[in-house]
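Okay, so here's the structure we're looking at.
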Amino acid sequence: MEKQIDARGLNCPQPVILTKKALDEIEEGRVTTIVNSETARENIKKLAASMTCSVDVQEVGGEYHISILKEKGLEGPQFENVAGKNGLIVLIGSDILGTGDKTLGRILMNAYIKTLVEVCPLPETIILINSGVNLSIEGSEALKPLLELEKMGVEILSCGTCLDYYSIKERLAVGQVSNMYTIAEKLNNGVNTIAL
Amino acid sequence: MKTNGYYILAFDSTHHAIRVEEQLKQRELGGEMVPTPRDIDASCGLSIRFLERNLELVRDLVDSSKNRVRLYRVDGVGGKAVYIEQEL
């Protein structure tokens, strides 16, 4: 089984997602991904390592041909984390981004979460507290991008106290309910924390 | 090249974008507010993404006489979106 993926010019994290999909589809064999950025090359190498696949990179005229060999029975624990353990935590404390007009703030927050799907690096964890939990429930405009982020390995934690306070616990539609202990630990262990 | 079946309206005015989004919602035409892609405009603007089947209805709705609005068809090349400007 041999597959080739042309991921030249694609925005991060697309090359990683395409490669992971190709590797998931085969039981054993080789997947070669072509990229033209060093960031994409490094991210794909990390992906291969996390899936216990051997990897070989060749530079051809400024492009990288990354050849990944998947062997039967050698897969590590199910690969779940395209996002990786980079210690980047995004703490979202409101469904409004920035101070000022609320309508604009809601639009900006939704735009921010939609954009997170398309830029690198992906956060390791997104923590939603207070009215931030309005983003992770049914009917939220941010739900679809949050589900995509979760699929790419981003951990999404919604504050249980907050879901309860706003009586929306039953409507939670992505990620897990979390408590202040977990949230405090995540923030303490974060390497880079962005609080919005 | 693959057509993704959707279009983007890129607005110069944020207020205009919000107004059009409300009108689309009222008429149940869907449409989703998204940040204007960097490939279209480097400034931090708002766009509305909508399905091709609503193209004519959206064209009728949008008044570009006062505020500049640009229309793009979204094509895909190997997973990367390409924006082709169209006449509004």
Side-chain angles (χ1 to χ4, degrees), chain A residues 3-22 31-37 39-40 43-44 63 82 95-98 100-120 135 139-148 152, chain B residues 1-51 54 58 62 67 69-70 72-84:
Chain A
K3 279 189 189 179
Q4 189 164 326
I5 297 159
D6 184 356
R8 286 173 294 183
L10 295 190
N11 286 331
C12 185
Q14 281 303 321
V16 178
I17 293 166
L18 292 172
T19 308
K20 179 184 172 333
K21 199 166 156 254
V31 172
T32 303
T33 305
I34 307 171
V35 296
N36 55 357
S37 91
T39 316
N43 286 335
I44 290 170
E63 293 172 357
V82 177
D95 55 0
I96 291 166
L97 182 59
D101 184 81
K102 286 184 180 167
T103 306
L104 177 62
R106 284 203 182 89
I107 289 169
L108 294 177
M109 183 57 85
N110 285 322
Y112 170 72
I113 293 174
K114 283 173 197 172
T115 308
L116 270 189
V117 179
E118 294 175 29
V119 294
C120 266
L135 300 165
S140 147
E141 209 182 313
L143 181 59
K144 204 173 130 216
L146 283 174
L147 284 165
E148 279 177 54
M152 290 190 268
Chain B
M1 191 169 295
K2 174 174 129 250
T3 295
N4 292 332
Y6 61 88
Y7 282 71
I8 269 187
L9 280 173
F11 294 85
D12 273 14
S13 155
T14 307
H15 292 283
H16 193 195
I18 295 170
R19 241 178 6 249
V20 171
E21 197 213 13
E22 273 168 13
Q23 288 169 331
L24 288 176
K25 272 197 184 136
Q26 274 165 18
R27 282 159 219 230
E28 295 180 356
L29 290 177
E32 189 190 12
M33 187 88 86
V34 293
T36 298
R38 268 187 295 209
D39 297 336
I40 294 180
D41 200 331
S43 70
C44 176
L46 290 176
S47 287
I48 292 175
R49 186 164 65 183
F50 60 94
L51 290 169
N54 294 328
V58 172
V62 177
N67 295 297
V69 186
R70 284 160 294 163
Y72 295 85
R73 194 182 74 222
V74 186
D75 289 344
V77 182
K80 183 169 173 65
V82 175
Y83 305 94
I84 317 281

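Chain identifiers are assigned alphabetically (A, B, ...) following the order of the sequence lines, protein sequences preceding nucleic acid strands; residue numbering begins at 1 within each chain.
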How close do B:P35 and A:A111 get, counting heavy atoms only, and between which atoms?
CG-O, 3.6 Å
Using a 4.5 Å heavy-atom cutoff, which residues in residues 21-34 of chain B come close to chain A?
B:E21, B:E32, B:M33, B:V34
Distance col, row B:T14:OG1 vs A:L108:CG, nearest 0.5 angstrom, shows 8.5 Å
How many angstroms lie between atom CZ of B:R38 and atom CD of A:E118, to the nearest 0.5 angstrom?
9.0 Å
